[in-house]
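Below, all heavy atoms of this structure are taken into account, side chains as well, without hydrogens, waters or symmetry copies.
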Amino acid sequence: MAKARRFVVLALRIATAAAAGVAAIVMATSHKTTTVFGVQVQAKFQYTPSFVFFVAANVVACAYSLLAILVPPASPAARHVLVADAVLGMVLTGAGAAAAAISALGKNGNSHAGWQPICGLVPTFCDHVTGALACGFVAVVLHLLVVLHSIYTMNS
């Protein structure tokens, strides 16, 4: 039974690391240059702090998920890993929410502030961001499953 539980947490952590890593890579490679009225305009993830936060949080989640595999579940450090898991889950959720809010602003604009949508000008950039957000939220769900599984195994 212990081997099965260890396998489940190992698989969840590897899946979390993969989803977070893909989210970071896809967001970090999102850039597009276009010309609007003779002026060259660039869209890059580095120009938006919430996208930079999203990349940083997912890189940390990827590395942490792989490093946490090394901690045995019965060790005294396992409780500290559980606390770190909970904190990282909150950071991932916040980063995803911030990036999703800016993504929605880029797609829809804000008529009250007079901000125009940009996805019509740089659709491939917006597609990359959407893909990164999807992977990021998959990482959040997988990380939540890691936390829930860790709580379950510690209490049984």
Side-chain angles (χ1 to χ4, degrees), residues 2-32 42-110 113 115 117-119 122-156:
K3 285 186 180 184
R5 287 182 180 171
R6 182 73 176 144
F7 177 76
V8 169
V9 79
L10 178 71
L12 284 172
R13 286 198 185 278
I14 290 172
T16 300
V22 168
I25 289 168
V26 171
M27 182 67 84
T29 59
S30 62
H31 55 54
K32 177 71 176 166
Q42 285 187 337
K44 291 184 174 183
F45 90 96
Q46 298 100 320
Y47 297 160
T48 308
S50 63
F51 290 167
V52 173
F53 175 43
F54 180 84
V55 170
N58 279 285
V59 166
V60 168
C62 179
Y64 170 79
S65 292
L66 294 175
L67 288 174
I69 291 171
L70 302 174
V71 178
S75 74
R79 291 200 186 275
H80 297 292
V81 169
L82 178 59
V83 171
D85 279 339
V87 170
L88 185 62
M90 289 182 243
V91 170
L92 275 175
T93 303
I102 293 301
S103 175
L105 185 62
K107 181 178 180 179
N108 303 320
N110 185 332
W115 297 338
I118 64 156
C119 284
V122 285
T124 56
F125 173 76
C126 292
D127 292 343
H128 263 96
V129 169
T130 302
L133 287 172
C135 290
F137 283 114
V138 166
V140 168
V141 170
L142 289 169
H143 194 75
L144 174 65
L145 292 175
V146 168
V147 171
L148 293 175
H149 185 268
S150 297
I151 291 170
Y152 174 74
T153 57
M154 279 191 182
N155 290 328
S156 59

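For the pair Q42 and Y47, the minimum side-chain heavy-atom distance is below 4.5 Å. The closest side-chain heavy-atom distance from T48 to F54 is not below 4.5 Å. Residues M27 and N58 form no side-chain contact, since every pair of their non-hydrogen atoms from C-beta on lies 4.5 Å or further apart.
Nearest heavy atoms, I102 versus S50: CG1-OG, 3.0 Å. Across V26 and T29, no two heavy atoms sit closer than the pair O-OG1, 3.1 Å. A pairwise comparison of heavy atoms in V9 and S150 identifies CG2-OG, 4.4 Å as the closest pair. Heavy atoms only, all atoms of each residue included: F125 and K44 are closest at CE1-C, 3.8 Å.
Legend: residues meeting disulfide bond (SG atoms under 2.5 Å apart) with C119, ordered by chain and number and at least two apart, are C126.
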Kindly indicate, with the supporting measurements, whether the criterion side chain to side chain contact (heavy atoms under 4.5 Å, CB included) is fulfilled by V129 and F45.
-> CA-CA 8 Å; V129 169; F45 90 96; over 6 Å; no
May I have the step-by-step check of side chain to side chain contact (heavy atoms under 4.5 Å, CB included) for L145 and H149, ending in yes or no?
-> CA-CA 6 Å; L145 292 175; H149 185 268; over 6 Å; no
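Separating the CD1 atom in I14 from the CG atom in L10 is a distance of 4.0 Å, to the nearest 0.5 Å.
Between V60 and the options L88, V55, L92, a side chain to side chain contact (heavy atoms under 4.5 Å, CB included) holds for only L88.
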Compile the donor-acceptor pairs under 3.5 Å between side chains in residues 62-74 and protein atoms, sequence neighbours left out, one pair per line.
residue	atom	partner	partner atom	Å
Y64	OH	V81	O	3.0
Y64	OH	D85	OD1	2.9
S65	OG	A61	O	2.8

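No donor-acceptor distance shorter than 3.5 angstrom exists from the side chain of S103 to the backbone of A99, with no hydrogens or angles considered.
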